[in-house]
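All chains are named by letter (A, B, ...) in the order of the sequence lines, taking the proteins before the strands, and each is independently numbered beginning at 1. For clarity, every value in this text was computed on a predicted model and none was experimentally measured.
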2 protein chains.
Amino acid sequence: MRKEEKKRCVVAEKNKTERRKFYNDDECPIRNVVAQIGDKWSMLILFALVDGSDRFNSLKSRIIGISQRMLTQTLRDLEREGYVKRTVFPEVPVRVEYELTEMGSGIVKPLYQLVSWAGEHHDDIKHCRKIYDDRVSS
Amino acid sequence: MRKEEKKRCVVAEKNKTERRKFYNDDECPIRNVVAQIGDKWSMLILFALVDGSDRFNSLKSRIIGISQRMLTQTLRDLEREGYVKRTVFPEVPVRVEYELTEMGSGIVKPLYQLVSWAGEHHDDIKHCRKIYDDRVSS
DNA sequence: TAACCTTGGTTACTTTTAATTACTATGGTG
DNA sequence: CACCATAGTAATTAAAAGTAACCAAGGTTA
């Protein structure tokens, strides 16, 4: 199956260098990483927890605009993936602390590279957008 | 405004070290990067173009599962952001080539770090998921 | 003892956004 | 005149996110 497709690809491309294919299964690391943290809130929560463990309502007030429902849901997902650890302290009222696991700290490193790149080039991107929009509208 | 919120935050957290807040404006690099390439196809297209410039239908066949419409749309968005350059060759039939811009090559580097991290830890994540699901269902 | 407070949720419902599918256009070629 | 590559557009469906109301435990207050 794979071999056949590769062959077809090579034939189609003729004398060009061979190019990768991106398969639609759960072995594709790109699709995996996008599915895991490509949603609206995951990266924000991971970065919030870089500052140290934090509790539900504090996170809610630090991540401006997140609803209680989405915070719960995204924290659950991150916990399930193994990026976040949830600890319940049976005090009154109950206290729940969230912190990065070792894996959570692990993924934050490349994410940080990405975000600092984005920060550095934010103006360039806005510039490109403007040029594009001006060109298209004319 | 910001100052006030910061103050409130510090008061709320008392003797803990100060924590960052993540504001809801377009200056937040995290929200920006997620909005740009957090969708289903952007990262795949960027990575496909790392192998060199390519044309529409070749991309379509290499990125398994993408529809014609989503490829068009995502390429347009990437072009608008300045990651991809589109060149039309007025041959017959028309040939359209897509390639990474300098900025596109720039963002792919941190993305590559992220993807290789994800590739290395894919099994760990699947393991975590299984443990979580077993724990929850019991 | 009843009403109320807190934190940290859940549930049902609605809105918004993303993605898919199918159809149309263009401007040549064989 | 059916075909190609490269789109655009419209209709539909699916998925993500938001809103608001409610719940639970256990303490406080009246």
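Here CZ of B/R19 is found 9.0 Å from CG of A/L49. Values are rounded to the nearest 0.5 Å. Note that CG of B/L46 and CD of B/Q36 are 10.0 Å apart. Values are rounded to the nearest 0.5 Å.
Taking 4.0 angstrom as the limit, A/R76 places a side-chain polar atom (N or O) nearer than this to OP1 or OP2 of C/dG9. For C/dA22, neither phosphate oxygen OP1 nor OP2 lies less than 4.0 angstrom from any side-chain nitrogen or oxygen of B/R69. Taking side-chain N and O atoms only, B/Y98 has a distance below 4.0 Å to OP1 or OP2 of D/dA7. Within the structure, a side-chain polar atom (N or O) of B/R55 is placed less than 4.0 Å from OP1 or OP2 of D/dT6.
Between A/I45 atom CD1 and D/dA17 atom C1' there is a gap of 13 Å when expressed in whole angstrom units. Separating the CD1 atom of B/I66 from the P atom of C/dT21 is a distance of 12 Å, rounded to the nearest angstrom. The nearest whole Å value for the distance from the CD atom in A/E91 to the C1' atom in C/dG9 is 17 Å. In this structure, A/Q68 atom CD and C/dC13 atom P are separated by 19 Å, rounded to whole Å. Atom pair B/N57:CG and D/dA7:P shows a separation of 9 Å (rounding to whole Å applied). For B/E97 and D/dA7, the CD to P distance is 12 Å, given to the nearest whole Å. A/D39 has its CG atom 10 Å from the P atom of D/dG18, to the nearest Å. Atom CE of B/M70 and atom P of D/dT13 are 18 Å apart (whole Å).
For A/S53 and A/E97, the side-chain atoms include at least one donor-acceptor pair closer than 3.5 Å.
Backbone-only engagement by B/T72 is indicated by non-hydrogen atom pairs under 4.0 Å involving sugar-phosphate atoms exclusively.
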Under the side-chain hydrogen bond (donor to acceptor under 3.5 Å, both in side chains) rule, what do A/T74 and A/D77 come out as? Steps first, then yes or no, please. CA-CA 5 Å; A/T74 312; A/D77 291 345; 5.5 Å; no
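Toward the 5' end of DNA chain C, the nearer of the two residues B/V94 and A/F56, judged by each one's closest nucleotide, is A/F56. Mapping A/V92 and A/S67 onto DNA chain D by nearest heavy atom places A/S67 at the nucleotide closer to the 5' end. The 5' end of DNA chain D is approached more closely, in terms of each residue's nearest nucleotide, by B/R86 than by the other of B/R86 and A/W41.
Between B/W117 and B/Q113, every side-chain heavy-atom pair lies at or beyond the 4.5 Å cut-off.
Picking from D/dA5, C/dG8, C/dT20 the nucleotide with the shortest atom distance to the side chain of B/K40 gives C/dT20.
The base of C/dA18 does not come close enough to the side chain of B/Q73 for any donor and acceptor atom to sit less than 3.5 Å apart.
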